[in-house]
> 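The structure that follows is given in the form of structure tokens.
Letters A, B, ... mirror the listed sequences (proteins, then strands); counts begin at 1.
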Amino acid sequence: MQNPAVEYDYTVAKWFSYLAILFGILGMGVGVLIAFQLAFPELNYIFGQYSLFSRLRPIHTNVVAYGFTLSGIWATWYYVGQRVLKVSLKESPFLSGLAKVHFWLYFVTALLAVVSLLFRVTTSKEYAQFEWPLDILVVVIWVMWGISIFGLIGLRREKTLYISMWYYIATFLGVAMLYLFNNMAVPTYLVTGMGDPLHSVSMYAGSNDALVQWWFGHNAVAFVFTVPIIAMIYYFLPKESGQPVYSYKLSLLSFWGLMFVYLWAGGHHLIYSTVPDWMQTMGSIFSVILILPSWGSALNMLLTMKGEWSQLKDSPLIKFMVLASTFYMLSTLEGPIQSIKSVNALAHFTDWIPGHVHDGTLGWVGFMIIAAIMHMAPRFFKREIYSKKLLEAQFWLQTTGIVLYFSSMWIAGITQGMMWRAVDQYGNLAYSFIDTVTVLHPYYTLRAIGGLMYFIGLFMWAYNFYKTMTAARQIEEEPKFASPMAA
Amino acid sequence: MFGWLEKNPFFFAVGVFVVIAFAGLIEIIPDFAQASRPLVGTKPYSVLELAGRQVYIKDSCNACHSQLIRPFKSETDRYGMYSLTGEYAYDRPFLWGSKRTGPDLHRVGNYRTSDWHANHMWDPTSVVPGSIMPAYKHMFTNVTDLETAFAEALTVKKVFNVPYDKDIDGDGKIDVVLGDSPADFEAAKQRALQEALVIAKETKREDLVNMVKEGKIPEIVALIAYLNRLK
Ligand code: HEM
């Protein structure tokens with residue numbers, strides 16, 4: 001597969017990797033704090049109004065999604081793209097210059113975004129909180145990425161697009177379409193010439209706004225937390241294990257199936273709401289169908305390891321990736337279950353939903369990004385991974401954290417849902433709302449501890465990465481498959 | 001066919017786009033016009049209420065509160081009549097939320113009063129022991145940005161034909177007065193101050209009343225105007 005003539009340029013891939021680590025720590029640090037706030041509300045006031053739960057929650061979601069995850073996606077894009085297309089960024093001064101501008105503009109925008117949320121500049125729409133000037137910057141950044149993808153494709157030596165490329169292209173197109181439609185807003189200053197210039201008002205009202213928002217919101221999950229992560233696993237798992245992808249046909253089926261089905265599933269956020277019934281039903285049905293293409297990819301990955309399971313024991317990186325696809329299967333089974341109308345009636349609005357979200361984000365997204373960056377590190381720095389033991393310890397600590405997180409939220413969510421609807425013998429509501437809040441204290445505490453464990457794991461990762469960069473034993477040649485590690 | 005697409009990135013991209021755009025078109029377009037029709041008699045937000053709504057958004061109350069009562073007996077018993085699509089016709093953006101860490105607020109105006117809110121927002125646990133809701137003390141000193149609220153009202157009136165300065169319930173009187181240009185802001189501000197004074201007095205808090213008398217509306221007063229409107 002290797003073409004010795006091409007020398008790849010990892011500069012920007014490295015930068016994005018640093019940023020992924022930085023935003024991972026920042027975003028999940030905030031996550032741990034808000035998790036503790038729900039258990040111990042006094043923690044709301046540690047930085048005055050700037051640390052209130054409601055101020056920090058959107059910062060958490062945006063930093064982990066658009067900071068940590070996007071950085072991870074772009075770190076791998078600027079690495080994988082060159083390799084599967086067999087063309088180096090060095091060959092095009094334009095594209096390598098663009099990559100650097102892309103990075104810096106993104107970094108500045110991300111910082112502005114955090115600051116704006118801290119100072120209450122928000123549209124309140126989930127995952128689309130940024131006000132219009134930031135939206136414009138986001139569009140520019142996105143277009144740059146598009147030029148990077150299609151520019152590199154234009155120069156490629158390998159004519160056939162590898163599976164990962166399909167998924168990167170789909171990520172680019174999907175997010176572009178969704179983001180544009182959902183963020184349509186009218187800046188009030190431009191119409192009236194008065195008031196706050198940052199303020200805007202949504203193009204859509206009420207139920208329509210909800211519909212567009214969740215068509216977007218669900219698929220933001222699809223195209224940020226799923227599609228590009230599949231791009232990663234299709235590259236890094238075969239590479240690290242030295243095994244060819246199990247089935248091309250299965251990849252094909254899963255890819256086109258996923259593209260077709262995903263967009264319909266947004267309706268499952270709106271079950272029993274005021275949007276038309278048929279849409280809720282479609283959302284519910286398509287969510288169940290979504291199991292097929294999702295499990296298709298995940299099984300394809302697990303079967304790639306067929307006959308090679310001993311690697312699971314030997315390599316912490318294989319552990320991270322195999323568990324990632326297992327968590328992907330878990331959340332793509334759990335999601336459809338929550339989309340069934342009668343289950344949704346119980347689960348919606350409860351802690352079971354964040355429980356489900358974090359199976360996917362901690363287990364699947366987080367683990368894949370961690371593994372991808374550690375796989376790239378020896379190639380970046382021509383050194384072996386500093387410590388296998390540390391990586392192993394990180395794996396077990398974080399896995400325990402995830403298990404604590406989702407099991408506590410399952411119990412919390414179902415308890416809450418049952419208490420909200422419980423009635424006494426006369427048919428009156430059995431509990432006042434505050435009863436359903438105080439009962440959750442132990443579960444909130446457990447979740448926060450689980451989150452803290454995952455968070456500590458991030459520091460182990462960062463340290464291991466830093467030592468790999470600066471102190472690990474040097475290697476002569478770029479490793480072909482398994483990443484070399486010091487015990 | 002797929003083999004060919006994989007060698008022709010342009011057509012590959014077009015193919016992906018068509019497949020993903022398809023669902024959006026079919027799902028979203030057909031009911032758009034109908035869902036945006038207001039329920040008969042629904043009035044747009046007054047400038048003060050809109051300012052309060054902006055405070056609600058700025059402090060992301062929707063991170064913990066929903067505004068969507070689902071059609072189950074357990075919910076209608078707890079919160080009142082289930083929500084109807086026409087009630088949201090003037091909600092830009094919608095504020096349904098996705099998590100009920102706290103109770104639904106869509107009809108909170110029916111069962112909570114101004115002074116209850118003032119005490120509760122100042123220190124939730126003093127009103128509801130065991131509450132995990134944060135206190136929002138900064139709202140008692142921050143001054144409401146009435147101008148932006150007015151700008152928003154004017155924008156939706158002009159761009160989306162929201163019925164300000166119209167007789168909505170057919171009693172021959174204009175229901176929500178706004179005006180047509182930035183020049184009408186002063187008058188709007190005076191109306192908002194009157195509305196605010198009533199609420200400030202209801203909260204029984206001296207400091208709030210004094211601020212309003214000085215021509216400054218504390219954010220909490222605007223927020224309460226909005227919460228009282230949720231019925
Ligand atoms: C240390 C790890 C983490 C902790 C402790 C944590 C904690 C939290 C908490 C407490 C919430 C609010 C839940 C609520 O309102 O009840 C939340 C929401 C959320 N988090 Fe995390 N989080 C972590 C990592 C992540 C990661 C890595 C991602 C994505 C890559 C992520 C994505 C989200 C999303 C999308 C939501 C919103 C969920 C919803 O609206 O239902 N989190 N997180």
> What part of B/Val16 gets closer than 4.5 Å to chain A, counting heavy atoms only: side chain, backbone, both or neither?
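Its backbone and side chain both get close to chain A.
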
> Flag yes if more than 12 heavy atoms outside A/Lys249 fall under 6.0 Å of its NZ atom; otherwise flag no.
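No, not enclosed.
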
> Is chain A contacted by the side chain of B/Lys137, its backbone, both, or neither, given a heavy-atom distance below 4.5 Å?
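For B/Lys137, neither part sits under 4.5 Å from chain A.
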
> By a 4.5 Å heavy-atom criterion (distance strictly below it), what part of B/Val18 contacts chain A: side chain, backbone, both, or neither?
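Contact with chain A is absent: no heavy atom of B/Val18 under 4.5 Å.
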
> Under the side-chain contact (heavy atoms from CB on, under 4.5 Å) rule, what do A/Phe433 and B/Val128 come out as? Steps first, then yes or no, please.
CA-CA 10 Å; A/Phe433 194 89; B/Val128 183; over 6 Å; no

> How many angstroms lie between atom NZ of B/Lys73 and atom CG of A/Leu429, to the nearest 0.5 angstrom?
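B/Lys73 NZ to A/Leu429 CG: 7.0 Å, rounded to 0.5 Å.
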
> Tell me if a side-chain donor or acceptor on B/Thr148 pairs with a main-chain N or O of A/Asp196 at a distance below 3.5 Å.
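Here the side-chain-to-backbone pair exists.
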
> Using non-hydrogen atoms and a 4.5 Å limit, figure out which bit of A/Ser432 sits close to chain B: side chain, backbone, both or neither.
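For A/Ser432, backbone heavy atoms alone lie under 4.5 Å from chain B.
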
> What part of A/Phe255 is in contact with chain B, defined as an atom under 4.5 angstrom from a non-hydrogen atom: side chain, backbone, both or neither?
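The side chain, not the backbone.
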
> Does atom CE (A/Met184) have a neighbourhood of more than 12 heavy atoms from anything else shown, all under 6.0 Å?
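Buried by this count: over 12 neighbours within 6.0 Å.
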
> Where does B/Lys99 contact chain A at under 4.5 Å (heavy atoms): side chain, backbone, both or neither?
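Both parts, backbone and side chain.
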
> What part of B/Ala149 gets closer than 4.5 Å to chain A, counting heavy atoms only: side chain, backbone, both or neither?
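Interface part for B/Ala149: neither.
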
> Do side-chain atoms of B/Asn62 reach the backbone of A/Ser124 as a donor and acceptor pair under 3.5 angstrom?
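Pair found, side chain donor or acceptor close to backbone of A/Ser124.
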
> With a 4.5 angstrom heavy-atom cut-off, which part of A/Leu270 approaches chain B: side chain, backbone, both or neither?
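Just its side chain gets close to chain B.
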
> Identify which part of A/Asp351 has an atom lying under 4.5 Å from any heavy atom of chain B, answering side chain, backbone, both or neither.
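For A/Asp351, heavy atoms of backbone and side chain both lie under 4.5 Å from chain B.
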
> Given that the side chain runs from C-beta out, which part of A/Pro354 has a heavy atom under 4.5 Å from chain B: side chain, backbone, both or neither?
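Side chain of A/Pro354 only, per the 4.5 Å heavy-atom cut-off to chain B.
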
> Restricting to non-hydrogen atoms, name the atom on A/Ile169 and the atom on B/Ala13 that form the minimum distance, rounded to 0.1 Å.
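Minimum heavy-atom separation between A/Ile169 and B/Ala13: CG2-CB, 4.2 Å.
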
> Got more than 12 heavy atoms from elsewhere within 6.0 Å of CZ, B/Phe10?
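It does not: B/Phe10 CZ has 12 such atoms or fewer within range.
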
> Please give me the minimum heavy-atom distance between B/Arg92 and A/Ser202, naming the atom from each residue.
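Nearest heavy atoms, B/Arg92 then A/Ser202: NH1-O, 3.2 Å.
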
> Quick check on B/Pro129 against chain A: is it the side chain, the backbone, both or neither that has a heavy atom closer than 4.5 Å?
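Backbone of B/Pro129 only, per the 4.5 Å heavy-atom cut-off to chain A.
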
> Pick one of side chain, backbone, both or neither for B/Phe150, based on which atoms fall under 4.5 Å of a heavy atom in chain A.
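Only the side chain of B/Phe150 comes within 4.5 Å of chain A.
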
> Which pair of heavy atoms, one from B/Glu147 and one from A/Gly195, lies closest together, and at what distance?
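So the minimum-distance heavy-atom pair works out to OE2-N, 3.1 Å.
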
> Answer with side chain, backbone, both or neither: which region of B/Asn142 has an atom nearer than 4.5 Å to a non-hydrogen atom of chain A?
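For B/Asn142, the side chain is the part near chain A, not the backbone.
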
> Considering only heavy atoms, which portion of A/Ser273 lies under 4.5 Å from any heavy atom of chain B: side chain, backbone, both, or neither?
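For A/Ser273, backbone and side chain are both near chain B.
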
> For B/Asp145, is it the side chain, the backbone, both or neither that has a heavy atom under 4.5 Å from a heavy atom of chain A?
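For B/Asp145, the contact with chain A is made by the side chain alone.
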
> Side chain, backbone, both or neither: which part of A/His441 has a heavy atom under 4.5 Å from chain B?
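For A/His441, no heavy atom lies under 4.5 Å from chain B.
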
> Can you sort out the partners of A/Arg421 under side chain to side chain contact (heavy atoms under 4.5 Å, CB included), two or more places apart, ordered by chain and number?
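Partners of A/Arg421 by the side chain to side chain contact (heavy atoms under 4.5 Å, CB included) criterion, ordered by chain and then number, come out as A/Ala345, A/Leu346, B/Ser74.
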
> Can you tell which part of B/Leu84 gets under 4.5 Å to a heavy atom of chain A, answering side chain, backbone, both or neither?
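When you check distances to chain A, only backbone atoms of B/Leu84 fall under 4.5 Å.
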
> For side-chain contact (heavy atoms from CB on, under 4.5 Å), just list the numbers for B/Trp96 and A/Gln213, CA-CA rounded to whole Å, side-chain angles, deciding distance to a tenth of an Å, and then say yes or no.
CA-CA 11 Å; B/Trp96 295 358; A/Gln213 161 64 23; over 6 Å; no

> Drop me the distance from A/Arg120's CZ to B/Ser60's OG, to the nearest 0.5 angstrom.
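That separation rounds to 9.5 Å.
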
> Has A/Tyr45 got a side-chain atom pairing as donor or acceptor with B/Ala135's backbone, closer than 3.5 angstrom?
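Present.
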
> Does A/Ser54 reach the main-chain N or O of B/Asp59 with its side chain, forming a donor-acceptor pair under 3.5 Å?
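Side chain of A/Ser54 to backbone of B/Asp59: a pair is present.
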
> Does B/Ile132 form a side-chain contact (heavy atoms from CB on, under 4.5 Å) with A/Tyr444? I'd like the steps, not just the answer.
CA-CA 11 Å; B/Ile132 59 171; A/Tyr444 281 153; 4.1 Å; yes

> Taking side chain as everything from C-beta outward and backbone as N, CA, C, O, which of these in A/Phe286 sits under 4.5 Å from a heavy atom of chain B? Side chain, backbone, both or neither.
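Neither part.
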
> Does any backbone or side-chain atom of B/Tyr56 lie under 4.5 Å from a heavy atom of chain A? Answer side chain, backbone, both or neither.
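Neither part.
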
> Counting only non-hydrogen atoms closer than 4.5 Å, does B/Phe160 touch chain A with its backbone (N, CA, C, O), its side chain (CB onward), both, or neither?
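Contact with chain A is through the side chain of B/Phe160 alone.
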
> In terms of heavy-atom proximity below 4.5 Å to chain B, should A/Thr122 be classed as side chain, backbone, both, or neither?
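When you check distances to chain B, atoms from both the backbone and side chain of A/Thr122 fall under 4.5 Å.
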
> So for B/Leu146, is it side chain, backbone, both, or neither that comes closer than 4.5 Å to the heavy atoms of chain A?
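For B/Leu146, there is no contact with chain A at all, as no heavy atom is under 4.5 Å.
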
> Nearest 0.5 angstrom please: B/Lys158 NZ to A/Thr188 OG1, how far?
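Going from NZ on B/Lys158 over to OG1 on A/Thr188, the span is 11.5 Å.
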
> Out of curiosity, B/Leu5 CG to A/Thr160 OG1, how far, rounded to the nearest 0.5 Å?
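The OG1 atom of A/Thr160 is 12.0 Å from CG of B/Leu5, to the nearest 0.5 Å.
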
> Please work out which of the three classes, parallel, tilted or perpendicular, describes the rings of B/Phe12 and A/Trp166, given edges at 30° and 60°.
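Correct class here is tilted.
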
> Between B/Pro182, B/Pro9, B/Pro71, which shows the greatest number of heavy-atom pairs under 4.5 Å with chain A?
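Sorted descending by pairs with chain A, the first entry is B/Pro9.
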
> Between A/Lys159, A/Met259, A/Met194, which shows the greatest number of heavy-atom pairs under 4.5 Å with chain B?
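Max contact count across the listed options: A/Met194.
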
> Are more than 12 heavy atoms, taken from residues, nucleotides or ligands other than A/Tyr189, located less than 6.0 Å from that residue's OH atom?
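Counting other residues, nucleotides and ligands, OH of A/Tyr189 stays at 12 neighbours or fewer.
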
> Rounded to the nearest 0.5 Å, how far apart are CG of B/Leu68 and OG1 of A/Thr274?
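Nearest 0.5 Å value for the CG-OG1 distance: 6.5 Å.
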
> Atom CG of B/Asp104 and atom CZ of A/Phe349: how far apart are they, to the nearest 0.5 Å?
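Between atom CG of B/Asp104 and atom CZ of A/Phe349 there are 6.5 Å.
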
> Can you tell which part of B/Thr101 gets under 4.5 Å to a heavy atom of chain A, answering side chain, backbone, both or neither?
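Contact with chain A is through both the backbone and side chain of B/Thr101.
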
> Heavy-atom distance under 4.5 Å to chain B: side chain of A/Leu38, backbone, both or neither?
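For A/Leu38, the contact with chain B is made by backbone and side chain together.
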
> What part of A/Glu42 gets closer than 4.5 Å to chain B, counting heavy atoms only: side chain, backbone, both or neither?
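Looking at A/Glu42, nothing touches chain B.
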
> With chain A as the partner, which of B/Ser131, B/Gly97, B/Gly130, B/Ser98 has the greatest number of non-hydrogen pairs under 4.5 Å?
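Sorted descending by pairs with chain A, the first entry is B/Ser98.
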
> If we define contacts as heavy-atom pairs under 4.5 Å, which of B/Pro124, B/Gly102, B/Ser181 has the most with chain A?
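Answer, by heavy-atom pair count under 4.5 Å with chain A: B/Gly102.
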
